[in-house]
Amino acid sequence: MASDPSNLQIAAAFDELADLYELDGAIVHRVMAYRAAAKAAREATVSVAALTRAGTVTSLAGIGKTLEEKIVALMETGDIPSAVKLRAKYPTGLLEMTRLPGLGPKRARRLFDELGIDSLDALRAAARGEQLRGIKGFGAKFEASVLSSIGAGIGERPAQRVLLHRALTVGEQIVAALREHPAAERVELAGSARRQADSVKDLDIIATASDPGALARALGELDLIASASAPNDNAARGRTHTGLPVDLRVVAPENFGNLLQHFTGSQAHNMALREAAVRRGLHVSEYGILDDDTGETLRCATEEAVYERLGLAYPEPELRENRGELSPDFVPPRLITVDDLRGDLHMHTTASDGRNSIEQMALAARARGYEYIAITDHSATHGFGNHVPPDELERQIERIAEVDARVDGITVLPGTETNILPDGSPDYDDELLSRLGWVIGSVHTSFGMTSAEMTQRMVAAIEHPWIDAIGHPTGRKIQSRQPYALDVDAVIAAAARTGTMLEINSAPDRRDLNDVHARAAAENGVLVLIDSDAHGADRLQHVRWGVATARRAWLTPEQVANTRGWAEFAALRKRARSAA
DNA sequence: GCCGTTTTCGGCCCGACTGTTTTCAGTCG
């Protein structure tokens, strides 16, 4: 391999091995070990390849001697021998087959062994020919289900998840509507939406009610619900008009804490929680906590009671990913909230591709209670007809100064979002950059560089004296674009060394830095910035999504630069530090 | 395959649902 495999690539290799070993009939715990190792690699805050070279990779929980050898092979040869062997044995079509509902690795393997079915096409043909029912454990209903699933396009691609902001927009309306119902008592969102994950698969809602059946029936009657299956006395299931599944469970008040905890997850958190409980002679489920000694089940009205019975500190939902929140020495951090923000350092106006004027942005920011903003339109080489050439930026500086002088109660900084060119330099000259109050550097072109090249480019930008912060540092777009190849450790180290801030961009499809990287940045002493990247005054509120990511990164207000008042923030800018 | 106040082997979370079953394995969350 030309350069070290990234943590994401190592994680992908382990996930693939988990799938292949599962098809191969390995015991479930071995498969789980590979999946756990993939999670460990994906969430490691340092380069797994670098740890491997240093001989310390087995210090990561879930990675032992065997997996260390596989990483070494991946680094030295670009592949893992056992994966090569298993790939030759099981066609990729088999993995696509296991995406169909009701068809897992065991049953897919049986169809492969007994009928030679190795693709969705072959499976459809066999189902049409009624050949599946000849295999023990398969029947006519399964053939019909296969044809319907394949007809619906399931299996051709992994199930698409919905961006958090879209899911919450409708999810919060559904919760609000259910709370209005006369039978409703408590109604709470659970699941990955409650944990503020990047994307969600469905909406889980947990409720208590004076008349459970009435509340369950109410779900399907909401205008927000396009279709619903027949509700029973304590559960209902429906779909929104965009097809997002919604599950409502109505429970007894004395069990509400158990259910809410269970359905908030994450799965990894719950598994680790139950393992910790077993070591104390307790068994946790959605129905309560069973005590081995007494044989009694403790039911919990609140989540707090669940964690308390297990002797654990209460973790906010955003922290429930089994990333240390269940450790005995876990101390709940005071997580940042939207109300902690005092400024926004990344937004656009009509000078580039924004929809509003400088003044409109300033007034909207002031209405949010901010003390300061920076106007950061795109720079000279942005293209798309939205660039700001140097002479135009000079006029923009004048316009911003005029608004800053005229509008009371908020400081408006003249800034730019300058492109980081392939060689790492900004696309305005230093003299012009020095006249600004704030500069964000972002990569918008040449995404295809190697990791070494991209890292060198980014570090050069970080070392530039007039670049105060790096915008959307990895370039990822949730569900649509992978981050560019980049050694994030090196970027964090350079940012810490130079006093350059790293942004959590709040655009709901970016949230970049992500939770894992933002946590690593803060732990290494980098000041994190939460910006809206608003292209209109009504988008300043997008900081909600950046704050959500920051909370998932365990960030406190102290670790986020723009929670400071203006005087303090001003002095933290790299340009102010250099001058001092 | 990992891991250890059950330590180097024998465990490794919990329960519901489904279709094909006559007692359950596999799948799913």
Side-chain angles (χ1 to χ4, degrees), chain A residues 13-15 17-18 20-41 57-71 80 82-83 97-111 132-146 149 154 159 161 190-193 195 197 200-204 206 229 232 234-235 237 245 247 249 255 258-259 261-290 292 297 306 310-311 322 326 328:
Chain A
F14 286 161
D15 273 329
L17 270 173
L20 288 168
Y21 274 124
E22 201 171 25
L23 280 174
D24 202 42
I27 61 160
V28 61
H29 300 108
R30 178 140 79 117
V31 174
M32 280 171 53
Y34 276 96
R35 298 241 156 87
K39 179 180 188 291
V57 75
T58 54
S59 65
L60 290 177
I63 295 187
K65 209 69 201 152
T66 304
L67 290 183
E68 177 182 31
E69 283 169 21
K70 307 216 176 206
I71 300 172
I80 299 172
S82 50
M97 285 162 57
T98 64
R99 291 193 197 127
L100 299 179
L103 190 57
K106 293 272 197 307
R107 286 156 57 84
R109 175 72 192 281
R110 169 167 283 177
L111 295 178
L132 301 180
R133 61 187 65 179
I135 308 296
K136 185 172 159 60
F138 294 85
K141 264 196 169 168
F142 179 72
E143 286 170 348
S145 144
V146 160
S149 299
I154 299 169
R161 296 170 64 95
S192 46
R195 301 196 317 277
V200 310
K201 184 169 53 59
D202 55 19
L203 292 170
D204 291 307
I206 311 295
S229 46
N232 61 32
N234 47 33
R237 173 167 292 185
D247 275 323
R249 278 158 223 271
N255 246 9
N258 300 111
L259 261 289
Q261 193 285 321
H262 174 82
F263 280 99
T264 295
S266 64
Q267 192 175 17
H269 174 88
N270 282 355
M271 284 176 64
L273 181 83
R274 290 170 188 158
E275 284 170 15
V278 167
R279 289 195 289 272
R280 295 168 162 87
L282 302 169
H283 301 271
V284 177
S285 78
E286 60 264 55
Y287 302 108
I289 303 174
L290 170 66
D292 274 342
T297 298
V306 174
L310 299 173
N322 192 27
L326 295 169

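Only a predicted model underlies this, so the values are computations on that prediction, with no experimental measurement involved. Proteins come first, then strands; the chains are lettered A, B, ... in the order of their sequence lines, and each starts at number 1.
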Problem - DNA chain B: 5'-proximal contact among A:Gly104 and A:Leu282 (nearest heavy atom) - result: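 Nearest nucleotide further toward 5': that of A:Leu282.
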Handout entry: Pairwise 5' ranking along DNA chain B for A:Ile135 and A:Leu103, keeping only the more 5' one
Key =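 Looking at the nearest nucleotide for each, A:Ile135 comes out on the 5' side.
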Of the options [options], whose atoms approach the side-chain atoms of [X] most closely?
X: A:Tyr34; options: B:dT27, B:dC13, B:dG1; answer: B:dG1
X: A:Gln267; options: B:dC13, B:dG26, B:dG1; answer: B:dC13
X: A:Ala33; options: B:dC2, B:dG26, B:dG19; answer: B:dC2
X: A:Ser285; options: B:dG29, B:dC14, B:dG26; answer: B:dC14
X: A:Lys106; options: B:dT27, B:dC2, B:dT20; answer: B:dT27

Separation of the [atom1] atoms in [N] and [M], to the nearest angstrom:
N: B:dC9; M: B:dC14; atom1: C1'; value: 25 Å
N: B:dT20; M: B:dA25; atom1: C1'; value: 10 Å
N: B:dG1; M: B:dT6; atom1: P; value: 27 Å
N: B:dG11; M: B:dC17; atom1: C1'; value: 28 Å
N: B:dG10; M: B:dA16; atom1: C1'; value: 28 Å
N: B:dC13; M: B:dG29; atom1: C1'; value: 13 Å
N: B:dT8; M: B:dC2; atom1: C1'; value: 12 Å

Handout entry: Over 12 foreign heavy atoms within 6.0 Å of CZ, A:Arg107
Key =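 Enclosed: over 12 neighbouring heavy atoms sit under 6.0 Å from CZ of A:Arg107.
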Students often get this wrong, so: under 4.0 angstrom with heavy atoms, is [X] touching a base, only sugar-phosphate, or nothing?
X: A:Val31; answer: nothing
X: A:Leu290; answer: nothing
X: A:Phe263; answer: nothing
X: A:Val278; answer: sugar-phosphate
X: A:Ile27; answer: base
X: A:Ala61; answer: sugar-phosphate
X: A:Arg30; answer: base

Exercise for the section: Starting from the C-alpha separation in whole Å, work towards a yes-or-no answer on side-chain hydrogen bond (donor to acceptor under 3.5 Å, both in side chains) for A:Asn270 and A:Gln261. Expected result: CA-CA 9 Å; A:Asn270 282 355; A:Gln261 193 285 321; 3.1 Å; yes
Exercise for the section: Taking only the side-chain nitrogens and oxygens of A:Thr66, find out if one of them lies under 4.0 Å from OP1 or OP2 of B:dC2. Expected result: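 Result: yes.
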Exercise for the section: Give a yes/no answer on whether the side chain of A:His29 brings an N or O atom under 4.0 Å of OP1 or OP2 in B:dG1. Expected result: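 No.
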Problem - Strand partner of B:dT8, provided both Watson-Crick or wobble distances fall under 3.5 Å - result: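 Paired with B:dT8, as far as the under-3.5 Å criterion goes, is no nucleotide at all.
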I want to check something: taking the side chain as every heavy atom from C-beta on, are [X] and [Y] in contact at a cut-off of under 4.5 Å?
X: A:Asn322; Y: A:Lys39; value: yes
X: A:Arg110; Y: A:Lys106; value: no
X: A:Phe263; Y: A:Asp247; value: no

Exercise for the section: Enter the distance from A:Ile63:CD1 to A:Thr58:OG1 here, rounded to the nearest 0.5 Å. Expected result: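 Separation between the atoms: 9.0 Å.
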Practice task
Measure the distance from OH on A:Tyr287 to C1' on B:dA16 and round it to the nearest whole Å.
Solution key: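 Atom OH in A:Tyr287 sits about 7 Å away from atom C1' in B:dA16.
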Handout entry: Spacing of A:Glu275 atom CD relative to B:dC14 atom P, expressed in whole Å
Key =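 Going from A:Glu275 (CD) to B:dC14 (P), I get 9 Å.
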